[in-house]
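Computation of the quantities below employed the complete heavy-atom set of this structure, encompassing side-chain atoms and omitting hydrogens, waters and symmetry-equivalent molecules. To find a chain, count down the sequence lines: A is the first, B the second, and so on, and within it residues start at 1.
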Number of protein chains: 2
Amino acid sequence: MRLAELSERTGVSVATLKYYLREGLLHPGATVSRTQADYGDSHVERVRLVRALSEVGGLSLATVGRVLEVITTPGQDWITVLETAQRSLVRPREPGADDDGQGRASPWLQSRDWHVDPHDPFLDELDRAWLACDHAGIGLDEERMDHYADQVVGIAEIDVASVPADPEGAVRQVVLGTILLDPVLSALRKLAQQHVSMTRTQRP
Amino acid sequence: MRLAELSERTGVSVATLKYYLREGLLHPGATVSRTQADYGDSHVERVRLVRALSEVGGLSLATVGRVLEVITTPGQDWITVLETAQRSLVRPREPGADDDGQGRASPWLQSRDWHVDPHDPFLDELDRAWLACDHAGIGLDEERMDHYADQVVGIAEIDVASVPADPEGAVRQVVLGTILLDPVLSALRKLAQQHVSMTRTQRP
DNA sequence: TGACATCGGATAGTAACGCTCTCCAAACTG
DNA sequence: CAGTTTGGAGAGCGTTACTATCCGATGTCA
């Protein structure tokens, strides 16, 4: 199909598609002639994926590019995938930032016997998010975090269990699942809050 | 204290503080003279809150403004709070967008007997996020969603249980908890994935 | 064959966001 | 009383994600 048709099918303007081609987010079509290129289903899928990661996942196009690179490079091994995946997502923390002596996330997780890489960037993320809750005056103490952690393990078990054995699909599943399930769970949590508060309290 | 000291204590540049004052994100200090204003602890807290919502929560400054308005307006009733809170967060969906006949989130939740407002904007969010997962080729079927939903209810119960009875603090707690716990849970989930995959599989 | 719309590609321009810089006169400091 | 600092206002800047314009080659229909 031609660029115009690709635009129609995906609902993305031709100008934007050209932009994606320039930025390398969309692989070029087969050049039939100098002014004619042919695009296929893989292009439709790719465009939809880019939009999903950017609009729903909230990633910048630069990050989308890195993610695409990871999931189109075949043949990583099982464990490496998780790490690579996650590492490509975290915004690199600005150097020279406040270093409040490692935060409390790491010791807390150790006390729970969680096996995580002590240099995992998400430890930093957790620290910053936890600290932000403190600044906001939310009473997020270790006891409450313990409760959350128990529930989240349940979620992570679903995550891990649904990764296909197929190593080809595993990378894709893990990376995209890591990114795109966040908004799903976030929305679900808000709806659950409403459900719970409706159910537990009897409205007058 | 003066603006310069407020800047020092919060780690936010004077120029940025002035910008926040202009934008109404930071309430003006007591003007001692025409070139002297006095800022207090409430200003320090406010600045930290703005940074937390913007940096960690990922909200735009415009949204931060709306959130601040909600949590500084006293005396809403218990249930209204959740709704107002949540409504101020969701980006208004562009009109004339694709309307695929309401999506499957609503019927799915009904089949689970969840009591949620059928016009809740987070239903839309859930639809879009779910659809994005489909576009990305993740096998997110209803069965898996059921598992997630069970776990998320556990989280929501913690959320609701930790809301103080104090109606003043409740608004703040609910709104900020809704926003700022997302990144906490998100980071926690990634760490839990690692923990689970480390524990369940024996590494060679 | 020729008029003419359309194509892909390249370049430049734009709108929103979140600051940041410059200027100013009043006021505080030594 | 010289010199610095302050708060306030406005314009300017860098990034992001497009969007608009132009171009010459090409396909298409008469």
* Residue pairs passing the ring-ring contact (aromatic ring centres under 6.0 Å, His included) test where at least one lies in residues 3-54 of chain B, sequence neighbours excluded -> His27(B)-His43(B), Tyr39(B)-His43(B)
* Asked: Do any N or O atoms from the side chain of Thr178(A) and from the backbone of Val174(A) form a donor-acceptor pair under 3.5 angstrom?
  -> yes
* Choose from dT6(D), dG8(D), dG27(D) the nucleotide whose nearest atom is closest to any side-chain atom of Thr31(B). => dG8(D)
* Structure fact -> Taken to the nearest whole Å, CD/Gln36(B) to C1'/dT4(D) is 12 Å
* Spell out, as yes or no, whether a donor-acceptor pair under 3.5 Å connects the side chain of Arg51(A) to the backbone of Ala132(B). => no
* **Spacing between Arg2(B) atom CZ and dT5(D) atom C1', to the nearest angstrom** => 8 Å
* Structure fact -> Students should find that the nucleotides of DNA chain C closing off the region near chain B, any atom under 4.0 angstrom from a heavy atom, are dG18(C) to dC28(C)
* To do: Let me know the distance between OH of Tyr39(B) and P of dT6(D), rounded to the nearest Å.
  => 12 Å
* Summary of protein contacts for nucleotides 17-24 of chain D, nucleotide by nucleotide, where a base hit scores B, a sugar-phosphate-only hit scores S (4.0 Å, heavy atoms) -> BBB----B
* Asked: Taking only residues at least two apart or on different chains, which pairs with a member in residues 30-41 of chain A satisfy salt bridge (Lys or Arg N to Asp or Glu O under 4.0 Å)?
  -> Arg9(A)-Asp41(A)
* Asked: For Thr16(B), which residues count as a side-chain hydrogen bond (donor to acceptor under 3.5 Å, both in side chains) partner, sequence neighbours excluded?
  -> Ser13(B)
* Carboxylate-amine/guanidinium proximity below 4.0 Å for Arg128(A) and Glu125(A) -> yes
* To do: Sort and list the pairs that fulfil salt bridge (Lys or Arg N to Asp or Glu O under 4.0 Å) and have at least one residue in residues 136-152 of chain A, not counting sequence neighbours.
  => Arg112(A)-Asp146(A), Arg112(A)-Asp150(A)
* Please determine if Asp159(A) and Arg189(B) form a salt bridge, counting it only when a charged side-chain N lies under 4.0 Å from a carboxylate O. => yes
